[in-house]
Amino acid sequence: MKSIERYNPRVEEPRWQQAWDDAGAFVIANDDPREPYYVLEMFPYPSGRIHMGHVRNYAMGDVLARYKRARGFNVLHPMGWDAFGLPAENAAKKTGTHPKQWTYANIATMKAQLKTMGLSFDWTREFATCDVAYYAQQQKLFLDMLKAGLVTRKKSKVNWDPVDETVLANEQVIDGRGWRSGALVEQRELTQWFFRISEFSEELLAALDGLDGWPDKVRLMQRNWIGKSEGLRLLFALTPSDMTLTPAIEVFTTRPDTIFGASFIALSPDHPLAAELSAANPALRAFIAEVHRQGTATEALEKAEKQGIFTGLTVAHPVREGETLPVYVANFVLMEYGAGAIFGCPAHDQRDLDFARKYGLPVRPVVLPEGADPAAFAVADEAYTGPGRIFNSAFLDGLAVDAAKRAIAAHFAARTVDGRPQGVVETNYRLRDWGISRQRYWGCPIPIIHCEEHGAVPVPDADLPVTLPDDVTFERPGNPLDHHPHWKHVACPLCGRPARRETDTMDTFVDSSWYFARFTAPDAATPTIPAIADRWLPVDQYIGGIEHAILHLLYSRFFARAMRRTGHLGLDEPFKGMFTQGMVVHETYRDAAGDWVLPADVVLEGAGAERRARHAATGAPVAIGAIEKMSKSKKNVVDPDEIVRTYGADTARWFMLSDSPPERDVQWTAAGIEGAGRFQQRVWKLVNEAVEVAALPPTGTTPAADIAALQKLVHRAVAAVGDNIEALRFNSAVAHIYELSNGLARFAATLAAAPTANGGATLREGVEKLVLVIAPMMPHLAESCWAVLGGTGLVTDTPWPAVDPALLVDADVVLAVQVNGKRRGEISVPKGADAARVEKEALSLEVVTRMLDGKAPRKVIIVPDRIVNVVA
RNA sequence: GCGGGCGUGAUGGAAUGGUAGACAUACGGGACUUAAAAUCCCGAGGGGGUAGCCCCGUGCGGGUUCGAGUCCCGCCGCCCGCACCA
């Protein structure tokens, strides 16, 4: 047999990419009659270069897209760029390159990199969110949402960096200082634009139950984030009354059943009443200022001691006649949640207990754990928050917690304070409105004009889009749009008098909250064409990182609802299936000086405990460190370009999909990628050999049983690979492909020694199917093999191989025979054999008779076609 | 603190409550080679036995079951999310 040349991906891969391009293989039409299927991977931020995390993400999506296409679907598989964001402005500050230039150059680089991976994207639908055509539509959406009452403008507290003159996200505040400037961060009240996501709190929560194509973990994270809690809004009358202040203080509680144990009231330092009182109370003023100063250091909050200051006010105890409760301002009460004030029941809330112990307030247990002695039950350092019966509580005594909540709610509903019901049942959510104003240049301008007379006026349709000016400078701190000589000076659309353009831009999360819809009609003159969007949406399978489990996915779910209200979409849930992939991790290496070393500069020797590393160039020893997420800072990165150049895209894709389950982290290793490369060569060799062996003059006939065995192997593998791809279990699909190719190779070797006509035909058929099932994962190799096999057209246009169900079942089955639950032997019986026969055969096994030692079995359990268990 | 997940050979990992370790990597042995690489074949959870076989084994301790890696309870360890949410 002639020797087979090695498969050369460097030649073959570009060739097939060109062939797909020429055939327009992945350009799809909205009106294609085939059933639509939408596969989407989270689009990348154009940071500069593709990394291995992208490779893994897109490899997974591509397998599914190609598989579904082979299954006859019209598959939408688009790609674009999440292109607005701060890094572009930082680059501008550092290198002087304009954000636009920097961003589009990065896109060009990364697109070229993606092209070498042979991904089945419909590139005709590509867009970047910084394209004017895209953000123009986003401005229309914003104005429609404003009209629909889904946008508001309100004051809110923000982290303000006084040096950079910008708002910082919580993550950008480190130890109370700006991450970039190092300046002490201030809390400022700014008027900002908000999307009213909280309007949908209940809906967003309730709909999670229906998202059964999502990981439970993500649904749970969203549930917690929305944070629903049901309780009572309760009024406490000031006593003695002071009408110059307020008649009553309002609190929110989820534990009204513990009201008899209440021993104080605490206001948030941001509570209006606290501000009012502080005017005449320097100590209180100082306390509030101190809390604000500490407030920004989020990290310190968890350890911060419960602190408070007595305001001098007291309120009447609502159920203990004649008693009063002191009113404090306390550092642990948040203004943003509930009523910004609480009542403290120290016996049954840990924070209240800590506070009460510090300020010597009474601790009165009112919930008795099941079985506890009411006379002896006491609370020391640990509050009791569990279930039980109410005691020490007059008319609530003896009730369970839930019953007591209802009873006390009814009690307060029937009473009034200041002419209002004293208690009102209320549901609260942790979810707050989404503040989208950013004092930055490289984002979507908010299409509003501020007029002294008319307030915030929407930019008229005719004046849209509001485009970003190119001539901006980044030398001065603050927002370049604000510094621009004339951009913001415009006339009021209503009165024509001088007015000021809104210079804030939108949070970049807005851009990514509806891009999936835009892909369905990327050139439309409206944000979407609803009929087309509704045909494609929801996205059948969305794939991306777990880091977006909350914000991005929640914002997108909100946007779908907002777009439905404004007539741009006909559905609520944007993503039917969601999959969160694991990270790509790699060992870290450090030299003697403690500097990180790139894996490419490291030579590894030995195995196990003997494993050593040294520097490739110098030979100096290098310490092998922890396995961590690939990151530039630790240099434990492998460049996809390098891998594609050395091994080819298919090998990189194959390695990313094999071994690790897709939801878990995958460890990149040199051995792993080499193994994947070897498999690529093995398939190539097998296909070429099969063609030669099948063409050899026959010397006999292969027994029917051997033919059937191979066919079974092939059909089972095809079925298993399909099932596994559908379930996104790519690692299991890979294992079945290995089994298939190993089986085919063994068969080919046997046939080479004694060629037959029937064997040759069966082998060829098997190899053809192998090629078709590896195609979603190694598409270039599959095309090359297909050509060798003389297949018609491109694999890309070839349907998934059919499976003969008859070949998936056996005539005979091997049953494991257990004695007392331990496997002792096996019997082969016809499939579906009756219990009597199975029992007879099992009991006649030598090992079974020996174990039974002449006694009759106590019981024989037979699971048809699976197992026999003899209980001795 | 609250919530969730995970723990299986040297390693990554398979396994609808039904033959634990599929498949791969690394390793050992062999074939081919002057040699190496590549390739192919064989071996392999631990222990015992010439062998047929036997004992032990999925973090630890219990339980349910004819049967548990899988279900339940309690620990230990690691990872992730949220975090003063009343």
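Source: prediction; values computed, not measured. Keep in mind that the numbers below use all heavy atoms, side chains included, and drop hydrogens, waters and symmetry copies. Protein chains get the first letters and strands the later ones, always in sequence-line order, with residue 1 at the start of each.
Counting any heavy atom pair closer than 4.0 Å across all strands shown, A/Val871 reaches sugar-phosphate atoms only and no base atom. Heavy atoms of A/Asn428 sit nowhere under 4.0 angstrom from any nucleic acid atom. If you check every strand for non-hydrogen atoms under 4.0 Å, A/Val333 touches a base. Among the protein residues, A/Ser229 comes within range of the sugar-phosphate backbone only, with heavy atoms under 4.0 Å from sugar or phosphate atoms but none that close to a base. Backbone-only contact: A/Arg729 has heavy atoms under 4.0 Å from sugar-phosphate atoms and none from a base. Counting any heavy atom pair closer than 4.0 Å across all strands shown, A/Arg824 reaches sugar-phosphate atoms only and no base atom. A/Phe252 comes within 4.0 angstrom of a base, heavy atoms only.
Taking atom CD of residue A/Glu547 and atom C1' of nucleotide B/C82, one finds them 17 Å apart after rounding to whole Å. The CZ-P distance, from A/Phe343 to B/C85, rounds to 14 Å in whole Å. Distance A/Leu713 CG to B/C23 P: 11 Å, rounded to the nearest Å. B/C82 atom P lies 9 Å from atom CZ of A/Arg430, rounded to whole Å. In this structure, A/Leu334 places its CG atom 17 Å from P of B/C82, rounding to the nearest Å. A/Leu220 places its CG atom 13 Å from the P atom of B/C6, with the value rounded to the nearest Å. Atom CG in A/Asn869 sits about 10 Å away from atom P in B/C66, given to the nearest Å. If you take CG of A/Leu740 and C1' of B/A24, they are 16 Å apart, rounded to a whole angstrom.
B/G67 and B/U19 have their C1' atoms separated by 12 Å, given to the nearest Å. B/G74 and B/C27: their P atoms are spaced 45 Å apart (whole Å). Nucleotides B/C32 and B/U39 have their C1' atoms positioned 9 Å apart, rounded to a whole Å. Taking atom C1' on both B/A68 and B/G18, the two are 10 Å apart, rounded to the nearest angstrom. The gap from the P atom of B/G81 to that of B/G28 amounts to 40 Å, rounded to the nearest Å. Across the C1' atoms, B/G1 and B/U8 are found 32 Å apart, a figure rounded to whole Å. Nucleotides B/C54 and B/U16 are separated by 32 Å at their C1' atoms, to the nearest Å. Using atom C1' as the reference point in both B/C55 and B/C41, the two lie 32 Å apart (nearest Å).
Within 6.0 Å of CD in A/Glu382 there are 12 or fewer heavy atoms belonging to other residues, nucleotides or ligands. Annotation: A/Asp381, atom CG; neighbour count of heavy atoms from other residues, nucleotides and ligands within 6.0 Å does not exceed 12. Residue A/Lys358 qualifies as enclosed at atom NZ: its count of foreign heavy atoms under 6.0 Å is above 12. Around atom NZ of A/Lys712, more than 12 heavy atoms belonging to other residues, nucleotides or ligands sit under 6.0 Å away.
Anti is the classification of B/G57, since its glycosidic angle lies more than 90° from 0.
Minimum interatomic distance between A/Leu234 and A/Gly423 (heavy atoms only, all atoms of both residues): CD1-CA, 4.1 Å. Pairing each heavy atom of A/Tyr328 with each of A/Gly308, the nearest pair is CD2-C, 4.3 Å.
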Are there any protein N/O atoms within less than 3.5 Å of an N/O atom in nucleotides 11-13 of chain B, and if so, which ones and at what distance?
from: B/G12; atom 1: O2'; to: A/Ser660; atom 2: OG; distance (Å): 3.2
from: B/G12; atom 1: N2; to: A/Asp659; atom 2: OD1; distance (Å): 3.2

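Under 4.0 Å is where a charged nitrogen must lie from a carboxylate oxygen, and between A/Arg56 and A/Asp665 no such pair does. Under 4.0 Å is where a charged nitrogen must lie from a carboxylate oxygen, and between A/Lys831 and A/Asp865 at least one such pair does.
Here B/C23 is the nucleotide among B/C84, B/C23, B/A20 with the atom lying nearest to any side-chain atom of A/Asn742. Which of B/A24, B/C66, B/C54 sits closest to the side chain of A/Ile861 comes down to B/C66. Taking the side chain of A/Gln818 as heavy atoms from C-beta on, and the options B/C53, B/U19, B/C82, the nearest nucleotide is B/U19. Side chain of A/Arg432, nearest nucleotide from B/C85, B/A22, B/U19: B/C85. The side chain of A/Ala671 lies closest to B/A26, out of B/A24, B/A26, B/A38. Here B/C23 is the nucleotide among B/G18, B/C80, B/C23 with the atom lying nearest to any side-chain atom of A/Ala735.
Below 30°, between 30° and 60°, or above 60°: for A/Trp668 and A/Phe655 the angle between ring planes is above 60°, a perpendicular geometry.
Take the nearest nucleotide of RNA chain B for A/Asn224 and for A/Glu336: the residue whose nucleotide is more 5' is A/Asn224. Mapping A/Thr669 and A/Asp352 onto RNA chain B by nearest heavy atom places A/Thr669 at the nucleotide closer to the 5' end.
Between the side chain of A/Arg357 and the main chain of A/Ala380, a donor-acceptor pair closer than 3.5 Å is present.
Between A/Lys859 and the phosphate of B/C66, there is a side-chain N or O to OP1/OP2 separation shorter than 4.0 Å. The phosphate of B/C85 has neither OP1 nor OP2 within less than 4.0 Å of any side-chain N or O from A/Thr254. Contact between the side-chain N/O atoms of A/Tyr738 and the OP1/OP2 oxygens of B/A24 is not found at any separation under 4.0 Å.
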Here RNA chain B, pairs taken as Watson-Crick or G-U under 3.5 Å and shown with ( ), [ ] when crossing and | when to another strand, reads (((((((..(((.....[....))).(((((.......))))).((((....))))..(((((..]....))))))))))))....
Worked verdict on A/Asp212 versus A/Arg219 for salt bridge (Lys or Arg N to Asp or Glu O under 4.0 Å)
CA-CA 9 Å; A/Asp212 47 20; A/Arg219 290 200 279 178; over 6 Å; no
Dump the intermediate steps for side-chain hydrogen bond (donor to acceptor under 3.5 Å, both in side chains) on A/Asp433 and A/Ser198, then the final yes or no.
CA-CA 5 Å; A/Asp433 281 338; A/Ser198 63; 2.6 Å; yes
Does the pair A/Phe264 and A/Tyr359 meet the rule for a ring pair (Phe, Tyr, Trp, His ring centres under 6.0 Å), with working shown?
CA-CA 10 Å; A/Phe264 66 95; A/Tyr359 295 101; 8.8 Å; no
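Contact of A/Arg678 with B/U25 (side chain to base): no donor-acceptor pair of N or O atoms is detected under 3.5 Å.
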